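The structure appears below as structure tokens.
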Amino acid sequence: NVFGREFLLPRENVRKLFVQDGQSAQDIAAELGLPIGLVQQQLAAALLLPHMPDVDEDGQKPEKPGLDPSQVLAAEHTGTPLLVEAGPGTGKTRTLIARIEHLLGKRVPAPSILVLTFSNKAAAEIRERVAASMPAAAAELWAGTFHAFGLELVRKFGHLDNIKQPVRLLDQADQLVLLERDLPNLGLDHYLRLHEPLMELKHIVSAISRAKDEVFSPAKYIAAAAEMQRVAKTEEERLKADKAAEVARVYTYYENQMRSDGVVDFADLINRPI
């Protein structure tokens, strides 16, 4: 839509018609045969957004917006691992791109650069912006989400951990089927209601997924549940501990079956590579 508006009515054109020629939005829309909403949007962009000229007063292309001192430190740090905490809107993507440019400038081989993000959108933006200035490097470095990278590792090296190839990734329906096929032997009590066992199994599957996301093994889950049972004092605490113990038993069964079948679930795309 943005491209379509700019194609039909470039911002520079509408700025000239409005500022220099003194035409109103209605005049411009009538003259060019365009919807009034489109004209108003282009006027807002032309008049309210910062004007970025193609060249400066010396005929040179303007430099890209720079980094602030903290971003420079993050982009150019060398020698040791570095953890940077940055909230929304603090320029994380811009800093990552500057980091890539810095590494390439230091002759770090592009295929050795790995860029992991939380969203496909951020990964695509990084690839596009790097490709605009360094097309050859953009094709060689790896940029994508944590789960996409995990899937690539599992596909390439999963056979070393007895994961069958091609990789079969279970969705929630598959996970429930895996548990349902041996439901009577899962030892369920608190999580089993005969009139809605599927709903209860979904709660257990969610708990298992959270544990895997935290790289919390079945053995650790069993130990944690046992400690909860040991220190429980109230009825509510005992009930919570008993439920945790029940999840731990199912988690152990579930993980053994997954590994026996040589398959993985979505959480395994992080858990198994680690």
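What you see is a predicted model; the values in this text were computed from it and never measured.
No donor-acceptor distance shorter than 3.5 angstrom exists from the side chain of D265 to the backbone of L170, with no hydrogens or angles considered. With hydrogens and angles disregarded, a donor-acceptor distance shorter than 3.5 Å links the side chain of R99 to the backbone of A75. Without hydrogens or angle criteria, R272 side chain to D161 main chain gives a donor-acceptor distance under 3.5 Å. Using a distance-only test at 3.5 Å, with no hydrogens or angles considered, no donor-acceptor pair links the side chain of E255 to the main chain of T252. In this structure a side-chain-to-backbone donor-acceptor pair under 3.5 Å is present from Q71 to T90. Using a distance-only test at 3.5 Å, with no hydrogens or angles considered, a donor-acceptor pair links the side chain of K92 to the main chain of G87. Checked by atom type and distance alone, the side chain of E6 pairs as donor or acceptor with a backbone atom of R11 at under 3.5 Å. Under the 3.5 Å distance criterion, the side-chain polar atoms of R127 are matched with a main-chain donor or acceptor of A143. A distance-only check finds a donor-acceptor pair linking the side chain of D68 to the backbone of S70 [under 3.5 Å]. In this structure, R129 contributes its side chain and I97 its backbone to no donor-acceptor pair below 3.5 Å.
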Test side chain to side chain contact (heavy atoms under 4.5 Å, CB included) applied to W142 and V115, step by step: CA-CA 6 Å; W142 203 100; V115 188; over 6 Å; no

Using the rule given for salt bridge (Lys or Arg N to Asp or Glu O under 4.0 Å), can you reason through E246 versus K243, listing the C-alpha separation, both sets of side-chain angles and the distance that settles it, and then say yes or no? CA-CA 5 Å; E246 202 162 283; K243 284 187 172 183; over 6 Å; no

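When all heavy atoms of L38 and L34 are compared, the closest pair comes out as CD2-CD1, 4.2 Å. Among all heavy-atom pairs drawn from E237 and V231, the shortest one is OE1-O, 4.3 Å. Between Q229 and A245, the closest heavy-atom pair is NE2-CB, 3.6 Å. Residue A74 comes nearest to V84 through the heavy atom pair CB-CG2, 4.0 Å, listed as atom of the first residue, atom of the second, then distance.
Scanning for ring-ring contact (aromatic ring centres under 6.0 Å, His included) contacts around Y254 gives an empty result, with sequence neighbours left out.
Within a 6.0 Å sphere centred on CZ of F118, other residues, nucleotides and ligands contribute 12 heavy atoms or fewer. In the displayed structure, N185 atom CG is contacted under 6.0 Å by more than 12 heavy atoms of other residues, nucleotides or ligands. No more than 12 heavy-atom neighbours from other residues, nucleotides or ligands sit within 6.0 angstrom of CD on E214.
To the nearest 0.5 angstrom, I126 atom CD1 is 12.5 Å from K121 atom NZ.
For residues 110-120, the set of pairs meeting the side chain to side chain donor-acceptor pair (under 3.5 Å) definition, not counting sequence neighbours, is empty.
Ring-plane geometry between F266 and H147 is classed as parallel, the angle between the planes falling under 30 degrees on a 0 to 90 degree scale with a further cut at 60.
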